[in-house]
Amino acid sequence: MSAFSSADPTPSSPDTVGSAPDVVRAVVSGVPDRVSLDGLEATYDARWSEQGTYAFDRTKTRAEVYSIDTPPPTVSGSLHVGHVFSYTHTDVVARFQRMRGREVFYPMGWDDNGLPTERRVQNFYGVRCDPSLPYVEGFEPPQQGSEDGSGKAPKLSDQVPVSRRNFIELCERLTGEDEKQFEALWRRLGLSVDWSHHYQTIDANARTVAQRAFLRNLARDEAYQAEAPGLWDVTFQTAVAQAELEAREYPGHFHKVAFHPSDGGAPVHIETTRPELLPACVALVAHPDDERYQHLFGTTVTSPLFDVEVPVLAHPAAEPTKGAGIAMCCTFGDLTDVQWWRELQLPTRSIIQRDGRISRETPEWLTSERSRALFAEIEGKTTFSARTAVVDALRASGDLAGEPVATQRMANFFEKGDKPLEIVTSRQWYIRNGGRDAALRDELLGRGRELGFHPDFMRVRYENWVGGLNGDWLVSRQRFFGVAIPLWYRVGADGTVEHDDPIVPDEASLPVDPSSDVPPGYSADQRGVPGGFVGEADVMDTWATSSLTPQIAGGWERDPDLFERVFPMDLRPQGQDIIRTWLFSTVVRSHLEFGSLPWANAAISGWILDPDRKKMSKSKGNVVTPMGLLEEHGSDAVRYWAASARLGTDAAFEVGQMKIGRRLAIKVLNASKFALSFGVDPESGTGEITLDPALVTAELDRAMLAGLADVVDRATEAFDAYDHTRALEISETFFWTFCDDYLELVKDRAYGAGAGAADVNAATRSARTALAIALDVLLRLFAPVLPFATEEVWGWWRTGSVHRAPWPTSDVARAASAGADPAVLTAAGHALAALRKVKSEAKVSMRTPILAAELAVPAAARAGVESALVDLRGAGRVTGTLDLVETTEGQGDAAVQGGLVVVRSELGEPEARRKG
RNA sequence: GGGCCUGUAGCUCAGUUGGUUAGAGCGCCACGCUUACACCGUGGAUGUCGGGGGUUCGAGUCCCUCCGGGCCCACCA
């Protein structure tokens, strides 16, 4: 029968305890006279580095490995308190799993792909990326900007154009500096990262992975190109994806505009916030059931000012309650227009250019004299000035009913942009993500159900997003910096580019830059000439690279031996705001390439809120620098604050919590110093401690260890369930009782009251051994959260690093406490509190002797108090009688505290104050 | 409009499947330099568990409803 099977809850006799754990012997040496947290970060960071404490052992098998898909922070941004918070959560898990016996693969990445880096490189070096230029060997940029951007950014016209490859090189040079600072912060915080496994999202490996994954998608028809109307940012002049949208309020005006029925009937009024799109109008649309417009369906009306005849059509997407209930459909004002255009097979009449301005060519569908004249007035203008011009004309012609009414409307914005998105028709690349395909969508929803979300309710965000997709993932971007789409197109004899059958590179040649590299079978002089080729100019969306972080970090195809040991990974830690982007896109890529999840678990951290309960942000000026925080409070303290917040829950930025963490860390040092201070040979300053459960014989000691055994089991269970907060709380609560009550109660006995150091009796040895066993366990319980303090103490009496020590089991404590009742310590603690209260109320020192006392004890607590009576007398300094009188008050554990009171006492003289 | 989270002591938060008198820390008050710790210790005070209904022998916990915070999605006529 198993030693700890649930069928046998009371393994009290030795033969049910199973094989005894190996008895640990430790030699205490090097406990300092005064303990301190100061400087521990630097000391142990260096030692861990030097000793390879966190080095990943790649001989381990997949089952032995715990792999983490670390979020790569954006290097061009700055790290803030929120990063410290969430990265601590991950590190706590990493350290727990490592001690649990898993070989932890914990790499670090840097995200240096994307717009923030592009802008920073531009401004810092005074360059601009122009993919059409050739690579220049040994290029030196015209300037070295200042780190804080105080040097003024050069104007676009002053920026020196450089090739994409040169631009990427400059990016790597610049971000190398950022990375050093970031690494220094992470080391100071104590992240147990293996720094030999790091990556950048723009480096050659990442580009290779991103291009290879794309080519595989293309080969399986999961990537495709399409010419279609899509959301377009006019500032950055690039298409944007659904996941990058942000709906924002945007001021506008309703304009009531008259259309004129071709049969000469009464004018039809529509309401629009975009009157400048009047020349792009292709139809009026109302709901098929709308009584008001039944008579118009099937007829045509003529647009005001521009005199274009358009049909009046019925479509269920029209909402009778919006505006006038009948809408003007333009190509394109919004996504509803696109839907109507597609489903009602309307013509295309685009007038907005990619720069957001009105087309400079008068469209051929404008035929009347006045329409062509008016268009000539607005051509090349921004939508804003064109709107003014059109409204003035409408007012003059009498087609504007009333005056425009101000409104706040919601408009789609690119999350990094500040102008509303337009809809522009362009050729773009897409990756299938279930947005247009119910079967794939269901598969991806299935992956979401397979994934362990922590906390679990975050799964809903995934499901809502996947369920609400309205199109495939647009991955091409009309930017210059980024990972190039690795394709070329043939140029026909007549000079037209043949997009339909792209030329693909060999995987072995990756990464390629089609703007400078030449496709297989062609020579460089065939670029851009009839019969030759052109390179795809677009780059991939940053998520197209970030969605591959497990592949990038894990060595997909580059290091198959590593990859099979770490993939699929165990954990993706990340923020809740990027479930729809990073988390989902990573699931998509893994599902398409491997038919599996990229990881088994996702740990979602919350936000840090400032004291006003607002999300902390730079603009509010309430950002505290992380390094300053670590320097002020110490890393263990800051980690404690972070670890006190549950996953998925927003947490307050609270210095008070850090002070508590610091107090805990110092307490660990001091209590450890005390627990290890016995048995030290006064001559040599060293001593051996044997953690032999058989030496623990006193009932109080056994009760303490029985409680500790429960704590280990509960904390382990919590950690296994990704509930580090609960694990910490359980350990911490026990630890404070351990310090406040147990240490005080056993102090005299542990000192060997009366006996010489060499003449240690069984009771004293019991206390000392129990202290050592408890310390051995407690240090390891706290190690994930307080890596520095626990490592410091570990070094006083143990060999190796506590962070490579096995996670504690309850075995030793159970072996030492078989049959003991944790309530004995509880009762003794309450009895001690009762004695202390007498002195506290008498306002005398705790050293004051109690000459005689009578203690009321509930029946339930009596046995416990009695078994600890000697310790109790010592800790309470009871020199005379201590009588117990049984009370009937209360039942059960909760009543014990209330019932345990001193009913009569006689205090001695307070000890004379010592001088000095 | 759809959805998720959240409301417990002045503050930050626990409160496991409903079960005696709702907890912790900080802060506050009082006392105490006690050979682990003054970066400390001891003791104490503090609550209409957001409001209102309901289920139940019993509700902080379950249900309904309303109110207050936070977030996601949809919303461009």
Side-chain angles (χ1 to χ4, degrees), chain A residues 31 34-37 245 247 250 252 254-255 257 270-274 284-286 318-319 322-330 333-337 407 409-412 420-421 423 455 457-461 463-465 467-468 470 576-577 579-580 606-607 609 611 613-615 634 641 644-646 648-652 654 656-657 659-660 662-677 714 718 725-726 729 732-733 736 739-740 743-744 747 751 832-833 836-848 877 890-895 898 910-911 913-914 916:
Chain A
V31 183
R34 277 196 71 80
V35 299
S36 170
L37 294 174
L245 298 187
Y250 192 68
F254 281 123
H255 304 77
V257 177
I270 58 103
E271 288 195 27
T272 179
T273 56
R274 306 276 318 258
L284 297 192
V285 184
E319 295 180 37
K322 259 190 191 173
I326 186 164
M328 119 176 139
C329 173
C330 305
D334 64 25
L335 292 171
T336 315
D337 287 344
T407 177
R409 63 199 179 105
M410 296 303 280
N412 281 323
L421 296 173
I423 292 172
F457 66 77
M458 289 294 178
R459 183 192 323 280
V460 178
R461 300 200 181 194
E463 288 172 348
N464 286 350
W465 178 253
N470 57 29
Q576 56 195 341
D577 53 327
I579 289 174
R580 68 177 187 175
W607 297 117
L609 306 174
R613 308 256 71 188
K614 296 279 195 283
K615 185 180 160 189
W641 159 73
S644 303
R646 289 176 297 171
T649 303
D650 294 345
E654 224 204 339
Q657 199 67 12
K659 291 185 172 159
I660 298 164
R662 185 173 178 84
R663 201 169 74 112
L664 175 64
I666 291 170
K667 197 75 173 178
V668 166
L669 295 181
N670 278 312
S672 301
K673 178 184 166 193
F674 173 71
L676 294 174
S677 64
R714 289 165 59 218
T725 306
R726 187 162 194 77
E729 189 199 340
E732 192 186 1
T733 302
W736 283 107
C739 290
D740 294 347
L743 286 186
E744 293 300 325
K747 209 173 247 185
Y751 274 126
L832 178 58
R836 285 166 175 160
K837 187 169 178 173
V838 170
K839 299 180 193 179
S840 189
E841 284 178 347
K843 300 188 189 305
V844 296
S845 157
M846 289 296 142
R847 301 179 68 200
T848 308
R877 295 186 186 258
Q891 292 282 313
D893 192 59
E911 229 172 67
R913 291 196 175 192
R914 279 184 287 162

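A, B, ... follow the sequence lines: proteins, then strands. Residue 1 opens every chain.
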Inset, instruction - Would you classify A:M328 as touching base, sugar-phosphate or nothing, given that sugar-phosphate means primed atoms plus P, OP1 and OP2, and contacts are heavy atoms under 4.0 Å? - result: nothing
Inset, instruction - Identify, with sequence neighbours excluded, every residue that meets salt bridge (Lys or Arg N to Asp or Glu O under 4.0 Å) alongside A:K659. - result: none
For nucleotides 16-18 of chain B, which of its nitrogen or oxygen atoms have a protein nitrogen or oxygen under 3.5 Å away, and what is each distance?
residue: B:U16; atom: O2; partner: A:R726; partner atom: NH2; Å: 3.1

Inset, instruction - May I ask you to say what A:G333 touches in the nucleic acid, namely base, sugar-phosphate or nothing, with a heavy-atom cut-off under 4.0 Å? - result: base
Inset, instruction - With heavy atoms under 4.0 Å as the rule, sort A:Q576 into base, sugar-phosphate or nothing. - result: nothing
Legend entry - Any A:K322 side-chain nitrogen or oxygen under 4.0 Å from OP1 or OP2 of B:C75: no
Inset, instruction - Please tell me which of the listed nucleotides, B:G43, B:C37, B:C76, lies nearest to the side chain of A:E744? - result: B:C37
Inset, instruction - Would you please confirm or rule out a distance under 4.0 Å between OP1 or OP2 of B:G41 and any side-chain N or O of A:K667? - result: yes
Inset, instruction - Describe the nucleic acid contact of A:R836 in one word from base, sugar-phosphate, nothing, applying a heavy-atom distance below 4.0 Å. - result: sugar-phosphate
Inset, instruction - Mind checking A:T336 for me? I need base, sugar-phosphate or nothing, with any heavy atom below 4.0 Å counting as a touch. - result: sugar-phosphate
Inset, instruction - Determine the contact category for A:I270: base if any of its heavy atoms lies under 4.0 Å from a base atom, sugar-phosphate if only primed atoms, P, OP1 or OP2 are that close, otherwise nothing. - result: nothing
Inset, instruction - Return no unless some side-chain N or O of A:R663 is found under 4.0 Å from OP1 or OP2 of B:A38. - result: no
Inset, instruction - Could you tell me which residues satisfy ring-ring contact (aromatic ring centres under 6.0 Å, His included) with A:F674, sequence neighbours excluded, listed by chain and number? - result: A:F678
Inset, instruction - Dot-bracket notation for RNA chain B is requested: 5' to 3', Watson-Crick or G-U wobble pairs only, both distances under 3.5 Å, with ( ), [ ], | and . as defined. - result: (((((((..((((.....[...)))).(((((.......))))).....(((((..]....))))))))))))....
Legend entry - Protein proximity profile, nucleotides 5-11 of chain B - base contact B, sugar-phosphate-only contact S, no contact -, cut-off 4.0 Å on heavy atoms: S------
Inset, instruction - Could you tell me whether the phosphate oxygens of B:U34, OP1 or OP2, come under 4.0 Å of any side-chain nitrogen or oxygen in A:R847? - result: yes
Polar-atom pairs under 3.5 Å, protein N or O versus N or O of nucleotides 27-31 of chain B: list them with distances, or write none.
residue: B:A30; atom: O2'; partner: A:K843; partner atom: NZ; Å: 2.4

Inset, instruction - Mind checking A:C739 for me? I need base, sugar-phosphate or nothing, with any heavy atom below 4.0 Å counting as a touch. - result: base
Legend entry - Of the listed nucleotides B:G41, B:A14, B:U34, the one nearest the side chain of A:D740: B:G41
